[in-house]
Amino acid sequence: MDLEAKMELISKGTMEIISPEELEKKLNKANPVAYIGYEPSGKIHLGHAITILKMIDLQKAGFQIKILLADYHAFLNAKGSLENIKKISEYNKHCFLSLGLSNDAQFILGSDFQTKEEYTTQVYQLATLTTLVRAKRSMAQITRESEHHKVAEVIYPLMQVVDMISLKVDLSLGGLEQRKIHMLARENLPRINEEAPVCIHTPLLHGIDGGEKMSTSKGNFIAIDDIPLEIKEKIKKSYCPAGIIEGNPIMEIAHHFLFRENEKILIKRPEKFGGDLELSYLELRKLYQNKELHPLDLKNTVTEYLIEFLEPVRAYMEKNYPQGM
RNA sequence: CCCGCCUUAGCUCAAUUGGCAGAGCAUCGGACUGUAGAUCCGGGGGUUGCUGGUUCAAGUCCGGCAGGCGGGACCA
């Protein structure tokens, strides 16, 4: 793969790369490292999957992959006891592998290094450089909704910034909700004489209820290991206004999952409604926008393809993590 | 450390003098749309923060504890 093809592969489906020039340099470097951190979660859903698929792209483009199982971060974000969070992280590791990440990806537990002296010293250094308002603002889309804000909330982003240098990463991937923390890293790491990584943001998937963001806590997600019947029922009840693409979770799922491996998709449609169609993503958008494709036909198609797309996940989990969550 | 106020359904809040714990929103189901939503109809949902006491009877009165909010004090 030449540089141009790598850039193309990496940027496909992302919101932004900060910055493309720096990314090119990293691609020319020997053994560059790309990382992403996740708070261990009882369910890994399609929103997580978008970022894992992008990590797979980065892996194909020559990056060494580090996945941070951020147990302390989840703990700071009031997700439960550290013990339970660690247990969940083992399940998550298998979920990520099930999506096709190759075995040489490294999985790192946050608590294995986040209490070392060098690490905490750097957290304290950043604490002296970061205003409370800035730290809180960076957490706006990440913190559990609560009026009773805890100090943990402002420690969280500082730790995330230090993770990047502790793990020696060249590139940090995250959903768009990570943007403000990433920007904090880009701004403050140089101030403690460290190089900031390239930051790439993927779009956020809307919840199936049409909510702003698919999230485990809101229950508006499709999990990657949901059984076919569950996927079917969830898509059936999903928000999907006719003619509207903006904020439409079903169109988003089609975009990111059906067209990942297919140039065109087959839409099966009863004769009385116009018969079958074979469409590229752009054609699908146009037809849907013009209301020439009914939401139900879209839903049926997405259901069928998504169940097939996630089949390897279910097969992997059954074989390697049969106990489930 | 001291004082005051607060804690009731997933959320926001009602409940008379101590007398069968309710409403709105959310959720779930049905109707209507060739999807969902919207709309109409219907259902479920509770250890009233925990704990001890008074009483025939406690969400309500008294004590203790926990959590939250506010104030005071301490500041050599």
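Letters go in sequence order (proteins before strands), and every chain restarts at 1.
Atom name C1', nucleotides B:A66 and B:U51: the rounded distance is 10 Å, in whole Å. Nucleotides B:A23 and B:A15 are separated by 15 Å at their P atoms, to the nearest Å. On the P atoms, B:U55 is 44 Å away from B:C74, given to the nearest whole Å. Between the C1' atoms of B:A26 and B:C13, the separation comes to 14 Å (whole Å). Comparing the same atom, P, in B:C2 and in B:G45 gives a spacing of 44 Å after rounding to whole Å. Nucleotides B:C25 and B:G19 are separated by 30 Å at their C1' atoms, to the nearest Å. To the nearest whole angstrom, the two P atoms, one in B:A57 and one in B:A21, are 15 Å apart. For the P atoms, the distance linking B:U7 with B:A14 amounts to 8 Å, nearest Å.
With 3.5 Å as the limit, one finds a donor-acceptor pair spanning the side chains of A:T130 and A:N188.
The salt bridge (Lys or Arg N to Asp or Glu O under 4.0 Å) search around A:R285 returns none, not counting sequence neighbours. Every residue two or more places apart in sequence or in another chain that forms a side-chain contact (heavy atoms from CB on, under 4.5 Å) with A:E153 is listed here: A:K136, A:M139, A:T143, A:H149. With sequence neighbours excluded, the residues satisfying salt bridge (Lys or Arg N to Asp or Glu O under 4.0 Å) with A:R134 are A:E187. Checked against side-chain contact (heavy atoms from CB on, under 4.5 Å), A:A78 has the following partners two or more places apart in sequence or in another chain: A:R144. For A:Y156, the ring-ring contact (aromatic ring centres under 6.0 Å, His included) test picks out A:H73, with sequence neighbours left out.
Between A:I267 atom CD1 and B:U35 atom P the separation is 17 Å, expressed in whole Å. Atom CG of A:N300 is separated from atom C1' of B:A36 by 13 Å (rounded to the nearest Å). If you measure from atom NZ of A:K150 to atom P of B:G68, you get 7 Å, rounded to the nearest angstrom. Counting to the nearest Å, the P atom of B:A36 and the CE atom of A:M251 are 19 Å from each other. Spacing between atom CD1 of A:I231 and atom P of B:U35 amounts to 22 Å, rounded to whole angstrom units. Rounding to whole angstrom units, CG of residue A:N248 and C1' of B:U35 are separated by 10 Å. In this entry the distance linking CD1 of A:I253 with P of B:A36 reads 16 Å, nearest Å. The distance from atom NZ of A:K299 to atom P of B:A36 is 6 Å, rounded to the nearest whole Å.
Figure legend: cation-pi geometry between A:K234 and A:F221, with NZ or CZ positioned under 6.0 Å from the six-membered ring centre and within 45° of its axis.
A:D297 contributes a side-chain N or O that forms a donor-acceptor pair with the base of B:G34 under 3.5 Å.
For residues 49-63 of chain A, the side-chain hydrogen bond (donor to acceptor under 3.5 Å, both in side chains) pairs, not counting sequence neighbours, are A:Y38-A:T51, A:K54-A:D57, A:D57-A:R260, A:Q59-A:S102, A:Q59-A:D104. Pairs engaging residues 163-176 of chain A under the side-chain hydrogen bond (donor to acceptor under 3.5 Å, both in side chains) rule: A:K26-A:D170, A:K29-A:D170, A:Q114-A:D163, A:Y119-A:D163, A:S172-A:H182 [sequence neighbours left out]. Listed by first and then second residue, the ring-ring contact (aromatic ring centres under 6.0 Å, His included) pairs that reach into residues 15-36 of chain A come to none, sequence neighbours excluded. The side-chain hydrogen bond (donor to acceptor under 3.5 Å, both in side chains) pairs that include a residue from residues 61-72 of chain A are A:D71-A:S111, where partners are two or more places apart or lie in different chains.
Near RNA chain B, defined here as any heavy-atom distance below 4.0 Å, the residues from residues 235-244 of chain A are A:K236, A:K237, A:S238, A:Y239, A:C240, A:P241, A:A242, listed numerically. A heavy atom closer than 4.0 Å to some atom of RNA chain B occurs in no member of residues 278-291 of chain A.
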task: Report the secondary structure of RNA chain B in dot-bracket form, marking unpaired bases with a dot and bases paired to a different strand with |, and treating Watson-Crick or G-U pairs with both distances under 3.5 Å as paired.
output: (((((((..((((.....[..)))).(((((.......))))).....(((((..]....))))))))))))....
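Judged by distance alone, with hydrogens and angles left aside, the side-chain atoms of A:N77 form a donor-acceptor pair with the main-chain N or O of A:I142 at under 3.5 Å.
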